[in-house]
Novice: 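Please see the structure below; I have some questions.
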Number of protein chains: 2
Amino acid sequence: MGNITLKELAKMLGLSVSSVSKALNDSHEISVETKRKVQELASAHNYRPNMFGKSLKTGRTNTVAIIIPYLANPFQAQILEGAHQAAYSNNYKLIFMQSREDADKEIELLQSLLSQNIDGILISPSANTSVEFLQEVHQEVPIVLIDRIDFELETHKIGVDNERGAFAATQHLIDMGREHILVLNGKDLGVTQKRTAGHKNALLANQIPFSEDNIIEVDYQLSRQDLVHSLREMLQEKLSKVDKPIGILGNTDILTLSTLAILSEMEICVPEEAAVIGFSNTEAADSLNPALSTVVQPALEMGKLGIEKLVELMNCKNRFQAVTTTTKLDPMLVFRKSTTAQPASS
Amino acid sequence: MGNITLKELAKMLGLSVSSVSKALNDSHEISVETKRKVQELASAHNYRPNMFGKSLKTGRTNTVAIIIPYLANPFQAQILEGAHQAAYSNNYKLIFMQSREDADKEIELLQSLLSQNIDGILISPSANTSVEFLQEVHQEVPIVLIDRIDFELETHKIGVDNERGAFAATQHLIDMGREHILVLNGKDLGVTQKRTAGHKNALLANQIPFSEDNIIEVDYQLSRQDLVHSLREMLQEKLSKVDKPIGILGNTDILTLSTLAILSEMEICVPEEAAVIGFSNTEAADSLNPALSTVVQPALEMGKLGIEKLVELMNCKNRFQAVTTTTKLDPMLVFRKSTTAQPASS
DNA sequence: TTGTAAGCGTTATCAA
DNA sequence: TTGATAACGCTTACAA
């Protein structure tokens, strides 16, 4: 079975292969009448050009790839979604890959992309990716960095202003009358540093002293159950020696959602006794109990913008002389019930 | 720039292209010494075979594709994850695509796959996909159906036993002393029918009369906000005329999570006054308030098994005579706090 | 053990 | 306006 080829069409029409090819590509060299006949027969036989023949000849594939650490992460899935939309409207095919935060796996993926003549790559590198390798790849095919933009690669980068997000969230908690704020961090996560810095700055701007004691750092290597257990213990300890009303800034979904559950167990009312805001892109925020105020990352926009920058680079005659840009998009604050009631009077 | 080719390697080595090709493919026709030289030079120059030349020649790509409706759906993302794992361990590349529940888009995707000489396709078809088209595609390249298996296509199918899942969940609610059970359905969703049937059967098996009045059906076309609003009204109405303790079976995440929030607003205690169990694959179940009992679909296994069946089919000499199987995997019940406390005495 | 040549399905150049 | 031919990078009979 398989697909019908140009050759076969040509034979059926009594034309040459090259004429058929030109007719199907709507070349001006071919008569209107011939074009019509060719195109009719082609669609009657459901002809589809073979990508491999085409790409082998042209050296292009009209395909870009995106590599992210984990597909099953809502934030990253939204990046994908945005990339998908932008690729589609720029007439590129998009292929997805996930590195699982594994630099070796990532190298494998990149190499396989190179042998596929991919036209461009959008990548959110895993934590320990070597810049050198990215550099090498970038010599052959344009790369654009997304989300994880702290790599010394001379190219377009699109990220989120985590510092600003944490600043705004902290300011919001302060505005809601919470001067005592706990921060929930995942140990060694990439975003931790910037978000903590933003938090500190907000305290500073409000003349509130910062204390390491208010940072709760949980080991993200633990199993889910152990992680929750460890979080519970630390929360209980911190809460026992802290004046309410307090505020809590959750820097990851797991930590924030678990904290809501733990507070409920401890019979601490949210938001009256403890206001909670989390960095989160989950749709569930609205349906949580209570509905969770969130710092939302512009994931869709990142994906879109990433592809657009990539297209720009691919269309560049000499991309090594192109002016490269670094864009930091602002997260958006969504206020819901978990922060928006008056504190209980202490 | 670009990549080095066989031809170039051959010239550098003073060998013929075919010898180099054979050497790199570790053919027994080539002397050990030559192989060594060739392979050394190849890796020194970071040679990577060009997929297009290769596939054009061999007609194979070692690539399978998976098409699902929505990437950003945790359940479907887990299917992807499973497929990814199985493809990897079977030495296939996997490319992902999403149809967005749009039959036309899906046709486009399938056609583009056909022109890419993909070796096989795993698909969870959109609701209104035409079987005829799937049939046609299946003539050219093997297809395996996953999750949405109610299509008259003669091939392997892997799905979930939704009826059984709903039966078990209902039985669990009954076991927990809830004889009055509300069911939350999304209107026109594919899973609704089977799950409702399973629910009815469980009632029957326990000599509990079924009443349409206990089915809450929400229009899934509504915006998130309107949907929650409409759900709230219906819940309030039903709950006002129902004896507690009741049980609630949520057939989708949005409905279940929203219900938890609404019940909390209404100051109805879960599980004491209303026990809640939901069909869900979200990791958040553990962190909800209260932790949510769930019927978990074996998404990872589905993805894996789907690829395995596909590989089986691809390796088949004559796949049109192959015996095709339909596998229904059992969902798994996970009991958490939302159903596992004694009902309040009424 | 190595080399030659043909061919996979296209497109592009040049000639008719 | 159409056709013959070469080429893209690779594999594979078959010949040397």
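Remember, it's a predicted structure, so these values are computed and weren't measured experimentally. Below, read A as the first sequence line, B as the second, and so on, with proteins coming before strands; counting in each chain starts at 1.
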Novice: Bend angle of the helix from C/dT1-D/dA16 to C/dA16-D/dT1 from five-pair axes at both ends, rounded to 10°?
Specialist: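 Axis angle across the helix from C/dT1-D/dA16 to C/dA16-D/dT1, nearest 10°: 50°.
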Novice: Could you state the interatomic distance from CE (B/M51) to OG (A/S112), rounded to the nearest 0.5 Å?
Specialist: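 Going from CE on B/M51 over to OG on A/S112, the span is 8.0 Å.
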Novice: Under the criterion side chain to side chain contact (heavy atoms under 4.5 Å, CB included), which of A/L310, A/D119, A/I307, A/T61 is the partner of A/Y92?
Specialist: A/D119
Novice: Check the phosphate of D/dG3 against A/S16, side-chain N and O only, distance under 4.0 Å to OP1 or OP2. Yes or no?
Specialist: yes
Novice: Contacts to DNA chain C from residues 30-41 of chain A, heavy-atom cutoff under 4.0 Å, which residues?
Specialist: none
Novice: Enter the distance from B/H84:NE2 to B/S89:OG here, rounded to the nearest 0.5 Å.
Specialist: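 Those atoms lie 10.0 Å apart.
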Novice: Check the surroundings of atom CD in A/E152: do more than 12 heavy atoms from other residues, nucleotides or ligands lie under 6.0 Å from it?
Specialist: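 12 or below, so no.
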Novice: Verify, without hydrogens or angle tests, whether A/Q98 (side chain) and A/L71 (backbone) share a donor-acceptor contact under 3.5 angstrom.
Specialist: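 Confirmed, A/Q98 side chain pairs with A/L71 backbone.
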Novice: Taking 4.0 angstrom as the limit, do B/R36 and B/E33 come out as a salt bridge?
Specialist: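 Looking at B/R36 and B/E33, the cut-off is met.
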Novice: Between OG1 of A/T155 and CD of A/Q135, what distance do you get to the nearest 0.5 Å?
Specialist: 9.5 Å
Novice: Show me the protein contacts with nucleotides 6-10 of chain D, counting only N or O atoms at under 3.5 Å.
Specialist:
unit_1, atom_1, unit_2, atom_2, d
D/dA7, N3, A/K57, NZ, 2.9
D/dC8, OP2, B/K7, NZ, 3.4
D/dC8, O2, A/K57, N, 3.4
D/dG9, N2, B/G53, O, 2.9
D/dC10, OP1, B/Y47, OH, 2.5
D/dC10, OP1, B/N50, N, 3.0
D/dC10, OP2, B/L6, N, 2.6

Novice: Taking atom types as modelled, find out whether A/Q78 and A/Q297 have a side-chain donor-acceptor pair closer than 3.5 angstrom.
Specialist: no
Novice: Under a 3.5 Å threshold, yes or no: a donor from one side chain and an acceptor from the other, between B/S18 and B/S21?
Specialist: no
Novice: If you count heavy atoms of other groups shown closer than 6.0 angstrom to CD of A/E154, is the number above 12?
Specialist: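 Atom CD in A/E154 is not crowded, with 12 or fewer foreign heavy atoms closer than 6.0 Å.
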Novice: Quick test of your reading of the model: are B/E81 and A/R100 salt-bridged, counting only N-O distances below 4.0 Å?
Specialist: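 So B/E81 pairs with A/R100 through a salt bridge.
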Novice: Does NZ in A/K37 sit with more than 12 non-hydrogen atoms of other residues, nucleotides or ligands closer than 6.0 Å?
Specialist: no
Novice: Taking only residues two or more places apart in sequence, or in another chain, which ones meet A/E29 in a salt bridge (Lys or Arg N to Asp or Glu O under 4.0 Å)?
Specialist: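 For A/E29 the salt bridge (Lys or Arg N to Asp or Glu O under 4.0 Å) partners, ignoring immediate neighbours, are A/K22.
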Novice: Please work out which of the three classes, parallel, tilted or perpendicular, describes the rings of B/H138 and B/F320, given edges at 30° and 60°.
Specialist: perpendicular
Novice: How long is the straight-line distance from NZ of B/K157 back to OG1 of B/T327, given to the nearest 0.5 Å?
Specialist: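 If I round to the nearest 0.5 Å, the distance is 11.0 Å.
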Novice: Between which nucleotides of DNA chain C, 5' to 3', does chain B make heavy-atom contacts below 4.0 Å?
Specialist: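 Contact span on the strand: C/dT1 to C/dG9.
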Novice: Show each protein N/O and nucleotides 13-16 of chain D N/O combination with a separation under 3.5 Å, one pair to a line.
Specialist:
none

